[in-house]
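First comes the structure, then the notes that go with it.
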Amino acid sequence: MAEQRELILKLGQKITDRIGVKVTTEDPEYWGLAGVITDEMAEVALSMKVRVPATAEEISAKCGKPLEETERLLQEMSVIGLLEYNWENKDRKKQYVLPMFVPGCAEFMVMNKEQVEKHTEIADFFEQMARLPLEKVTPMVPPGGAGIGMHVIPVEKAIPTEQKSASVEHISYWLNKYKDKYAVGACSCRRQQRIRGEGTGDLEEDLCVGVGDMADYLVETGKGRYVDIDEVMEILERAEDNGYVHQITNIDGEEKIFAICNCAVGVCNGLRTSQLFNTPNMSRSAYIASVTTEDCVACGRCVEYCPSGAAKLGQKLCSKDGPIQYPKQELPDRSKWGPEKWSPDYRDANQINCYDTGTSPCKTACPAHLPIQGYIKMAAQGKYMDALKLIKTENPFPAVCGAICNRKCEDECTRGDIDQAVAIDEIKKFIAEQELKAENRYIPPMLNHINKPFSEKIAIIGSGPAGMSAAFYLKKKGYPVTVFEKEKRPGGMLMNGIPSFRLEKDVIDAEIDVLRQMGVDFKCGVEIGKDKTIAQLREEGYKAFYMAIGAQSGRSIGVPGEDADGVQSGIDFLRKVNLDEGMKEHLAGKTIVIGGGNVAMDVARAAVRTGSESVSLFCLESVEEMPADQGEIEEATGEAVSINPSWGPKEILTKDGKVTGVVFKKCVSVFDDEGRFSPRYDESDTLTVDCDNVLLSVGQSVLWGDILEGTKAQLNPNGTIKADPVTYQTGEPDIFAGGDVYTGPKFAIDAIAAGKEASVSIHRFVHPGQSLTIGRNLRQFVALDKENLDIQSDSYDNGKRQVPAKKAADTDPAKTFRDLRSTFTEEQVKKEADRCLGCGATVVDPNKCIGCGICTTKCEFDAIHLSRDLPAASNMYKAEDKLKAILPYAAKRAIKIKFSGKKQPQG
């Protein structure tokens, strides 16, 4: 055990502001200093008063050390971070300050990167000293913070011009006050959490701006670099773009600050003071956000960026019991307050997207949770490019989805309970058509906190919807991304597994071209595991891998004769068709398709186009149970495909190795009582059907090859890969997976959503110290109760659902590979958009709002604004005067608590 050092104990006791605590060697005040402060240094520091400036000469006289030695020790302690210095006297003579721990020397010590990475206990020291002194006092702190810590200052453009405001509420006031004296350094909170392994993907570089003499201190002690006003403004704007909250130091009264910080709630000790203890007075600004409900479209952008969890999605429509009454966070003003009132999981709780009573069913049902109400509103206003940009916040491939989406949003659309659902997908398809014109393509700008590309190389294996979605969002974040595709062209199953009469190849090419213009590198004709290995890619500098090779192989059905000539998987057949649409006579004679899903419908319709004399489809499910979309079934029957439900294959008949027919047996049920796949048959009821071709479309499987050789990634019995359900990380830490390789065959929109989530994980993973889960938005939404709505018939547009026209065909529509589905006209788009009921809206809890104004910068609909409801929150005190603010407020609070439980007299 290390020897107890009395001087360090005394120094820790001197600086601490924990009331009534006698510092021991077990306390952070001791062990946080002991690793880097020598006894010599402690002797000098003990001769100083906390937060009282003194010159080197004055300190030398008090500590009894020669001036030269004293100056050396003062400089060393300044570099360590125990001391700060300034020239705030009439003679501009350098004077040293022994600051409080937080804001003060604890964070200055963390800003010394080499030091904190060697002495990692300093990170824990900072975390605890930012928390422990506040545990008892926070409920008694009045608006304004009483000179205790940091103070939120709003986004300046969010401050309403028509309302009176105080100068200290404006960042421009402080920048002008310290004109031309700025330096930027790393964020000590972000660095602390990185060292502790609790980062949230919010990285530390170049975010905290020191002003005045603090700028000189940061530069001279190696903690920052000088910047001019233009760069300061760029830093502030970049912070707002990334959703970071502006805060200023709040311990020196209204005449002084020394830093403007740009804070992320998942890592910021300053914001934690209000969020952990549920005491917003500690840091909130004078402003509160509120929503103009009639203008809100529940796009969720404000919710996504709200640092305090004050903004959540709710509903705009009235329930049968009247407007929904939303709960408000309890405050300590009238209640006794202790740990039972805290929110220790605030970093996760603040990421909850909506109230339990729910929000728009369309947004909830969409696997990617697109801002549907938002882009419909923009389309109605003719703002098609803005609508496209909004869609791409969640889905980089709207044109692809416009053609093949399974429309879960429409299945749940509230309008569908009145007459017919809003044609959401058709509106999106119209918007996405802008993308097909090269001059209109939206190339999203890079957005990250450093405003320059990252160096960590990312490899995407597979170029289907999951892989390209991950590539899109990682490239947008600034990463060098390479997509490896074993086929000769990118697109995966979009390109090779879906026939052109459902998804034209030029639609896919146009959206892939956006990725190319963003700078995504495609390497086609390269099979990982065969042409290159994961180990070789690591040697080339790739830091993370995303497995998204899709389920590109068909499944067998396990009956005699399925290996006969003329039998093939529907997936293999579609690949051949997509690679050569000119093979008109590929299938001769009668064709049977086995399967009842959307892929089976594609196979059957492709068979019609490739020479089949007739096409008959057989499936286990009844008509009501068939997994294929009703529209797909209607398209198939319209092309003379014979649909035969409730039949399962018993045997494939052959002659001389060639298929001649199929024997089917009656399927009496597909699922057991618990809903599990467990078909039962009437073996006595059979049907023999002659045919020349059999196309099996009963599911898909993953062909892994040697791609995972030498890794710790594991597979499930069904051939999908094992991965964490939130992070998509596999058993090999640098390998992530998503899309069909993880879920089994699903829809493109599911894969697109998975790709975006993987990009979040990969961003965090490639930066050491970042947790993959802390403070992560889990993208969980709840649909409002459609059975409990009061929708009056005169409250909505009564127009009928619009139907797009069909394109004229040069030949028999059942023979062409062109997609004959047209899009809405502009007039139809506006008519259809008017049918939207506008179910959802954001709701702000004023008791949780900290008045940062970030929400206002994300709203495209001018629906959320700040109002100066708490002018007292701009009162700034010196730390030495905190009791002058706290005691009167605490006394009034005690009286409120005493009488709040008493019943009011009967009148």
Side-chain angles (χ1 to χ4, degrees), residues 362-363 365-413 415-416 420-438 440-442 465 468-469 491 494-495 498-514 598 602 629-632 634-635 747-753 801-808 818-836:
C362 56
K363 184 177 181 68
C366 174
H369 306 296
L370 263 67
I372 293 169
Q373 271 182 246
Y375 71 71
I376 287 178
K377 179 70 172 288
M378 285 176 166
Q381 296 171 340
K383 299 177 180 177
Y384 306 125
M385 190 54 67
D386 289 338
L388 182 64
K389 293 176 183 178
L390 186 61
I391 290 170
K392 287 202 167 192
T393 59
E394 304 294 350
N395 178 2
F397 311 117
V400 166
C401 282
I404 62 171
C405 191
N406 57 326
R407 306 184 182 195
K408 289 183 179 179
C409 54
E410 294 186 24
D411 291 341
E412 299 301 324
C413 176
R415 183 66 188 248
Q420 287 182 289
V422 176
I424 297 169
D425 196 52
E426 295 295 346
I427 294 173
K428 179 176 75 217
K429 187 176 180 181
F430 175 89
I431 295 166
E433 271 211 334
Q434 312 302 310
E435 192 91 302
L436 305 187
K437 305 165 188 174
N440 285 350
R441 285 178 193 158
Y442 170 56
M468 290 199 295
S469 174
L494 296 175
M495 189 68 80
I498 300 175
S500 294
F501 54 79
R502 284 198 62 220
L503 177 59
E504 294 273 19
K505 302 301 176 257
D506 63 345
V507 172
I508 309 170
D509 284 335
E511 296 198 310
I512 292 174
D513 190 54
V514 171
N598 284 341
D602 287 347
D629 293 340
Q630 184 59 37
E632 297 298 318
E634 292 173 1
E635 293 274 7
F747 296 94
I749 190 63
D750 296 278
I752 287 167
R801 177 177 168 126
Q802 299 294 300
V803 178
K806 288 279 189 179
K807 298 175 185 175
R818 303 284 67 78
D819 185 354
L820 299 181
R821 298 170 296 174
S822 189
T823 55
F824 278 162
T825 64
E826 192 166 0
E827 182 182 6
Q828 284 182 303
V829 166
K830 292 180 177 179
K831 284 184 177 180
E832 191 61 25
D834 287 342
R835 298 184 65 245
C836 176

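Tested against Ile427 for a side chain to side chain contact (heavy atoms under 4.5 Å, CB included), the candidates Val422, Thr823, Ile372 yield a single pass: Val422.
Summarising the geometry of Glu394 relative to Leu370, their closest heavy-atom pair is CB-CD1, 3.8 Å, with the distance given to 0.1 Å. Closest of all the heavy-atom pairs between Ala421 and Arg835 is O-NH1, 3.3 Å. Of all non-hydrogen atoms in Val514 and Tyr442, the two that sit nearest each other are CG1-O, 3.7 Å. Scanning both residues, Ala380 and Ala833, for their nearest heavy atoms gives CB-CB, 3.6 Å. Residue Gln434 comes nearest to Met385 through the heavy atom pair CB-CE, 4.4 Å, listed as atom of the first residue, atom of the second, then distance. For Arg502 against Ala403, the heavy-atom pair with the smallest separation is O-CB, 3.3 Å.
Residues Arg818 and Glu504 are paired through a salt bridge, judged by an N-O separation under 4.0 Å between the basic side chain and the carboxylate.
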(Q) Please evaluate residues Asp834 and Lys831 with respect to the criterion side-chain contact (heavy atoms from CB on, under 4.5 Å), reporting the C-alpha separation (whole Å), side-chain torsions for both, the decisive distance (0.1 Å), and the verdict. (A) CA-CA 5 Å; Asp834 287 342; Lys831 284 184 177 180; 5.6 Å; no
Q: Check step by step if side-chain contact (heavy atoms from CB on, under 4.5 Å) holds for Lys389 and Met378.
A: CA-CA 11 Å; Lys389 293 176 183 178; Met378 285 176 166; over 6 Å; no
Q) Are Glu433 and Tyr384 close enough, and set up right, to give a side chain to side chain donor-acceptor pair (under 3.5 Å), and what steps lead you there? A) CA-CA 10 Å; Glu433 271 211 334; Tyr384 306 125; over 6 Å; no
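With a 6.0 Å radius and a threshold of 12 heavy atoms from other residues, nucleotides or ligands, Lys830 has its NZ atom above the threshold.
For Asp819, the salt bridge (Lys or Arg N to Asp or Glu O under 4.0 Å) partners two or more places apart in sequence, or in a different chain, are Arg821. Applying the salt bridge (Lys or Arg N to Asp or Glu O under 4.0 Å) rule to Glu426 yields the partners Arg407; only residues at least two apart in sequence or on another chain are considered. With sequence neighbours left out, Asp509 forms a salt bridge (Lys or Arg N to Asp or Glu O under 4.0 Å) with no residue at all. A search for salt bridge (Lys or Arg N to Asp or Glu O under 4.0 Å) contacts involving Asp750 returns Lys408, Lys746, not counting sequence neighbours. Scored by the side-chain hydrogen bond (donor to acceptor under 3.5 Å, both in side chains) test, Asn395 finds no partners at all (sequence neighbours excluded).
Without hydrogens or angle criteria, Glu412 side chain to Ala365 main chain gives no donor-acceptor distance under 3.5 Å. A distance-only check finds no donor-acceptor pair linking the side chain of Gln802 to the backbone of Phe824 [under 3.5 Å]. Formation of a donor-acceptor pair under 3.5 Å by the Gln828 side chain with backbone atoms of Val803 is found in this model. Looking only at distances, no side-chain donor or acceptor of Glu632 sits under 3.5 Å from a matching main-chain atom of Asp629.
Using a 4.5 Å cut-off on side-chain heavy atoms (C-beta onward), Ile752 and Cys401 make contact. Between Arg415 and Cys836 the shortest side-chain heavy-atom distance does not fall below 4.5 Å.
Residue pairs meeting the side chain to side chain donor-acceptor pair (under 3.5 Å) criterion with at least one member in residues 368-378, sequence neighbours excluded: Ser360-Gln373.
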